[in-house]
Amino acid sequence: MSPSMARNPPWNRIRRKSVNAIMLTLTGICTIFAAGILVFILGYLFVHGARSLNWNFFTKLPTPVGETGGGMANAILGSAKLLLVATFVGVPIGFLGGVYLAEFGGGGFSFLVRYVTDLLNGVPSIVMGIFAFTVIVLPQKHFSTLAGGLALGIMMIPIAIRSSEEFLRNVPLALREGSMALGASKSRAIWSVVIPAAKAGLITGIMLNLARVAGETAPLLFTAFGNRYWSPGWEQPAASLPVMIYTYAISPYDDWHQQAWSAGFVLLAMVLGVNILSRIILAQKGPALR
Amino acid sequence: MSALPSAIDTPPASGGAAAAFWKRLRAGDEIAIAVTFLSALTVILVTAVLVFELYRKSAISRHAFGWSFLISTTWDPVSGTFGALPFIYGTLVTTALAMIIGIPLGVGAAIFLAELAPPLLSSSLSFLIELLAAVPSVIIGLLGIFVMIPILQQIVPPVQDKLSWIPIFSGPFYGVSLFTAGVVLAIMILPFIISISREVILSVPNDQREGALALGATRWETTWKVVVPYARKGIAGSIFLALARAMGETMAVTMVVGNDPKIAHSLMAPGYSIAAVIANEFAEATGDLYQGALIELGLVLFGVTILVNGAARLLVMSTEKKGTS
């Protein structure tokens, strides 16, 4: 304490108290700002997107350039197909890998898997797109739903592993011991007791994971590419909602901008809906798992 | 329960080796371990193949330009000259801006949520902020183009009139700029900084706070001089994670940065970023060299984000260890 402070204690106290009040208020303002952004985004998309949303959006193909109207039915189906491929790529590997880490793992190899998983999770999505491009599009010489789905599927693996590991670990040890005391092998106990007990969490994890990759645009730009028509089968370029939003947003047409808002609203409603629902399920089931 | 123990309902061994094999199969532990082990191994393999593919497919560009690829400023697909510096510059500048805006806001909000807000308010606001992390980046970009750019076009020019003697604020402002991209990125990294920092701050033991308060410190002094230093590694980890996120972010940046491969000294000028140039040009890249150069850019981006991410994980891990001991 300097002499001046000691000589003049009330002023010092007032200074410290006002710094306290100012800084605490500032942190509150930071919070309001951060939370306000989401409210703003939601509100804006709702006002702009929901207003021009109509039945055509879900049932019609895009119209040729220059004509107004039309919809994004092909993009909605395309997104669904991409997510289906992604699920088949990402969920089995992620889920089984999670089972290994939670039930059989331990030691250096598990640490390595966890670390690499975290690194893979941090790989920019555009780089995943390049990867899917080099392993599928380049040899096949054409864009396809498969390539896009592969890119999204690989992006799902890290989260799938970590979430299944976590939910399996939350199953009480007593359940494992009980079933093994009845004579079940370890794998039988896992399959018939542990996994069913963790089912709600595991499914929620997959839903959250799907919601996350459903909005990914960058890895699809040069894998699934885009398509203004239906995309039969799995071997052709396919439209998807996020890429449609991007293409329409940077186009010079007002009608397309309007449709980009609608598509953004639909995508955001889906993504946030799944997120909110999952959190409610987890909040209800969570304590029981622990 | 239909799932009774396998050791009991296994058929009696009657057929010699085949039956013995069948029995082992029903017990299944080895198989289960093998299958799940292979899946775990797949993650490592996928990552290895990813690195290998990026390295191999960029060979043509690496051989053609060598290290000068990273410091050359010419990006000319027509003449086949490729230099990455304008993109590296853009990525660094936009990321730095995002951190300058995002760190104080994020850490401030995390402090409020962890230290001051009543539990119910804190958890509901954190929920809102975590939902913000789930908003797809293309939607942030959409709002960037149609909402933020018009607003910035109102705000920036008057401010520029006062500050145009500073080089980084000089020049005409078209709306799309490095600055706009930085602001958009700041919004996108906020939820990462806030949610991780909040958890780290919440995990600081209460006796630390009580000790400081008992010595007569104010609430803010306790937070700033005791709690935050205690949690600093974890907060740093959250910042590194956000940094990696910002550098790899593609769509929102592509939509607002202006996509102009120049090194502009003004923040108000359009620029470009590594991720954005890949997004824009990859699908139309004709010729092996062009494609190779773009893949090499991907390799650069991959390398940098992996380094930053690896550091972040170690930081967060070391805080977690300190917390449990």
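Naming convention: chains lettered A, B, ... in sequence-line order (proteins, then strands); numbering from 1 in each chain.
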Please classify the contact between B/L116 and chain A as side chain, backbone, both or neither, with a heavy-atom cut-off of under 4.5 Å.
side chain
Between B/E130, B/E249, B/M251, who has the most heavy-atom pairs with chain A when the cutoff is under 4.5 Å?
B/M251
Residue B/P191 versus chain A: region with a heavy atom under 4.5 Å:
neither
At a 4.5 Å cut-off on heavy atoms, which part of B/R219 comes close to chain A: side chain, backbone, both, or neither?
both
Looking at chain A, which one of B/F302, B/W220, B/W224 has the largest number of heavy-atom pairs inside 4.5 Å, strictly under?
B/W220
Segment of B/L132 engaging chain A (4.5 angstrom heavy-atom cut-off)
both
With only heavy atoms counted, which part of B/A244 is less than 4.5 Å from chain A, the side chain, the backbone, both or neither?
neither
Region of B/I140 that comes under 4.5 Å of a non-hydrogen atom in chain A
side chain
Cut-off 4.5 Å, heavy atoms of chain A, and the answer for B/R56 is neither
Atom pair CG/CZ of B/L50 and A/F131 - distance to nearest 0.5 Å:
5.5 Å
Looking at B/T254, B/I111, B/I194, B/L131, which makes the most heavy-atom pairs under 4.5 Å with chain A?
B/L131
With a 4.5 angstrom heavy-atom cut-off, which part of B/I306 approaches chain A: side chain, backbone, both or neither?
both
May I ask you to check whether A/Y44 and B/F146 place their ring centres under 6.0 Å from each other?
no
Applying a strict 4.5 Å limit to non-hydrogen atoms, the region of B/Q291 in contact with chain A is side chain
Among B/L113, B/V147, B/L125, B/L41, which residue has the highest count of heavy-atom pairs closer than 4.5 Å to chain A?
B/V147
Nearest-0.5 Å distance, CZ of residue A/F33 to CG of residue B/L105
6.0 Å
Using a cut-off of under 4.5 Å on heavy-atom pairs, state which of B/E115, B/R245, B/K57 scores highest against chain A.
B/K57
Which answer fits B/V107, side chain, backbone, both or neither, if we ask what part of it has an atom under 4.5 Å from a heavy atom of chain A?
neither
Which portion of B/I129 sits near chain A, non-hydrogen atoms under 4.5 angstrom
side chain
Counting heavy-atom pairs under 4.5 Å to chain B, which of A/L101, A/L138, A/I157, A/I250 comes out on top?
A/L138
Can you tell which of A/F133, A/F225, A/W191 has the highest number of heavy-atom pairs within less than 4.5 Å of chain B?
A/F133
